[in-house]
Amino acid sequence: MASASLGLASELSSFSKTNFLSSADLKSSQILSLFELAKQLKSGNRRIDLGNRVLGLIFTKASTRTRVSFQVAMARLGGQTVDLNPQVTQLGRGESVKDTARVLSRYCDALAIRTFSQQDLEEYAEWSTIPVINALTDLEHPCQALADYLTIQEKFGKLKGINLSYIGDGNNVANSLMICGAMLGVNVCICSPKGFEPSSNILEKAKSLSKNGSKITICNEPSKSVIGADVIYTDVWASMGQEKEQLKRKEIFEKYKVDQELIDLAGKEVILLHCLPAHRGEEITDQALESQNSYIFDQAENRLHVQQALLAVQLGGL
Ligand code: CP
Ligand code: NVA
């Protein structure tokens with residue numbers, strides 16, 4: 001094995017067979033090594049064969065990108081996925097997490113779980129003897145944040161000192177962006193309407209993990225937030241599970257739309273990111289999403305590469 005590969009392997013070895021429940025579960029040096037591995041896999045310079053390992057997918061919410069990118073990542077690693085949607089398992093009839101997690105650990109090599117509460121995810125992790133991956137909860141979306149920062153690193157060639165302005169709801173995506181960004185030396189400003197800012201717990205957690213002088217701030221004024229921004233990021237105003245609040249939120253968030261005016265304030269070099277799915281015309285205009293500032297589809301592609309790297313590490317493929 002070449003020495004560069006050996007370096008990556010030694011940096012990432014402590015993450016083998018471990019859970020990924022929060023962006024805070026990886027150290028900054030491990031995130032950067034994971035990005036190197038993801039880029040090797042993306043370019044075709046590295047092939048990893050996990051030898052028919054199996055990833056179980058428990059998704060209690062809809063998903064296109066996360067589900068398919070995990071499926072394709074496992075296929076490319078010579079493994080496979082099994083769909084453990086609660087509608088087709090005894091979970092849907094009330095079998096406990098405690099029993100389900102122990103049984104599935106006897107069949108699968110890892111579980112990727114999308115659910116509502118972070119506590120449910122932690123309960124799976126407590127009873128599983130295999131790695132559990134957060135495929136989105138109401139609290140965090142750590143796989144998304146990895147793909148986001150990989151995209152930013154590819155575009156700017158660095159992460160330290162990059163200014164990211166997130167415009168919109170202080171939700172799961174914002175939380176993971178703050179925590180992961182803080183560790184990578186990115187200055188993250190979350191700009192939300194009053195009452196929709198991230199919780200003070202998460203803000204404090206992100207600040208406590210801050211490296212290389214990264215500043216994690218909250219504001220309420222989009223036109224101020226984007227000044228000097230390298231990246232403008234947005235997400236839906238009503239997340240999965242908040243559908244009933246959609247109309248009310250549309251009014252409250254109207255000023256938090258990412259449009260050409262906001263891009264012009266930031267300057268022509270700014271890039272736009274959105275985790276998708278987008279509500280075109282609400283949090284982002286069609287024009288902005290299709291503009292040359294938009295790296296949104298590169299970002300979506302990177303879900304695949306970074307998760308393939310993550311699985312290769314967690315399943316002991318290095
Ligand atoms: N960004 C994201 O997680 O997309 P899906 O909900 O389609 O998985
Ligand atoms: N905040 C959104 C992200 C979707 C990928 C949600 O939770 O629905």
Side-chain angles (χ1 to χ4, degrees), residues 20-23 55-74 81 83-85 111-121 133-152 164 166-181 188 190-193 196-199 202 231-246 248-250 252-253 256-258 272-280 282-284 289 294-308 310-311:
F20 186 46
L21 308 182
S22 162
S23 289
L55 173 71
L57 301 176
I58 304 178
F59 277 50
T60 60
K61 293 178 177 177
S63 170
T64 298
R65 280 143 290 270
T66 310
R67 176 188 289 280
V68 178
S69 55
F70 271 123
Q71 288 172 325
V72 174
M74 281 306 282
T81 50
D83 189 353
L84 303 167
N85 185 325
L111 294 174
I113 301 176
R114 171 168 286 200
T115 188
F116 291 85
S117 93
Q118 183 80 8
Q119 265 175 338
D120 277 355
L121 181 78
I133 302 169
N134 182 346
L136 179 146
T137 62
D138 290 347
L139 190 71
E140 277 207 55
H141 198 3
C143 293
Q144 179 70 54
L146 290 178
D148 301 340
Y149 286 116
L150 172 61
T151 309
I152 293 168
L164 184 151
Y166 173 98
I167 308 291
D169 188 26
N171 61 17
N172 43 10
V173 168
N175 288 344
S176 285
L177 277 173
M178 279 196 295
I179 295 172
C180 194
V188 181
I190 305 289
C191 180
S192 310
F196 294 87
E197 299 97 337
S199 76
I202 296 284
V231 182
I232 297 177
Y233 196 121
T234 190
D235 182 17
V236 290
W237 293 335
S239 286
M240 289 180 276
Q242 298 173 328
E243 288 78 7
K244 284 196 183 129
E245 294 175 34
Q246 191 137 11
K248 190 184 89 192
R249 282 173 176 252
K250 245 177 115 164
I252 298 171
F253 281 78
Y256 295 76
K257 191 189 289 292
V258 173
L272 300 188
L273 297 181
H274 188 312
C275 57
L276 298 178
H279 288 174
R280 288 172 181 250
E282 290 187 20
E283 75 276 2
I284 188 164
L289 200 152
S294 169
Y295 280 67
I296 291 169
F297 294 98
D298 296 320
Q299 175 190 10
E301 180 188 334
N302 278 337
R303 297 293 306 277
L304 168 63
H305 306 300
V306 89
Q307 285 160 211
Q308 194 179 339
L310 184 74
L311 288 165

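Values in this document were obtained by computation on a predicted structure and should not be read as measured data. Atoms within each ligand, like the ligands themselves, are counted from 1 in listed order.
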> Quick one: do the Thr66 and Arg114 side chains pair a donor with an acceptor below 3.5 Å?
Replying inline: yes
> Has ligand 2 got any nitrogen or oxygen that is less than 3.5 angstrom from a nitrogen or oxygen of Leu136?
Replying inline: no
>> Show the atoms of ligand 2 that are less than 4.0 angstrom away from any heavy atom in Asn172.
In response: 1 (N), 2 (C), 6 (C), 7 (O)
> If you measure from SG on Cys191 to OH on Tyr233, what distance do you get to the nearest 0.5 Å?
Replying inline: 16.0 Å
> Is Arg114 in polar range of ligand 2, meaning some N or O pair under 3.5 Å apart?
Replying inline: no
>> Within the supplied structure, the quantity of interest is the number of heavy atoms (other residues, nucleotides, ligands) at a distance under 6.0 Å from Glu245 CD; does it exceed 12?
In response: yes
>> Taking salt bridge (charged side-chain N to carboxylate O under 4.0 Å, His left out) as the definition, give me every residue that meets it alongside Asp298, ordered by chain and number, with sequence neighbours left out.
In response: none
> What atoms in ligand 2 come closer than 4.0 Å to a heavy atom of Leu276?
Replying inline: 5 (C)
>> For a 4.5 angstrom cut-off between non-hydrogen side-chain atoms, does Phe70 reach Leu311?
In response: yes
>> Just to be sure I'm reading this right: ignoring hydrogens, which of Thr66, Thr64, Asp235, Asp169 gets closest to atom 1 (N) of ligand 2? Compare them by their nearest heavy atoms.
In response: Asp235
> For atom 8 (O) of ligand 2, what's the nearest protein heavy atom and its distance?
Replying inline: Met240 N, 2.8 Å
>> Is it the case that the ring center of Phe196 lies less than 6.0 angstrom away from the ring center of Tyr256?
In response: no
> By number and element, which atoms of ligand 2 are closer than 4.0 Å to a non-hydrogen atom of Asn171?
Replying inline: 1 (N)
>> With nothing but distance in play, are any N or O atoms of Ser239 less than 3.5 Å from an N or O of ligand 2?
In response: yes
> So among Asn134, Ile58, Thr60, which one has a side-chain contact (heavy atoms from CB on, under 4.5 Å) with Thr115?
Replying inline: Thr60
>> If only side-chain N and O atoms count, and only distance matters, is there a donor-acceptor pair under 3.5 Å linking His274 with Glu283?
In response: yes
>> Counting only heavy atoms and a distance below 4.0 Å, can you name the residues contacting ligand 1?
In response: Ser63, Thr64, Arg65, Thr66, Arg114, His141, Gln144, Cys275, Leu276, Arg303
> Do Asp148 and Gln299 meet the criterion of a side-chain donor-acceptor pair at a distance under 3.5 Å?
Replying inline: yes
>> Pairing donors with acceptors under 3.5 angstrom, does anything connect the side chains of Ser176 and Glu140?
In response: yes
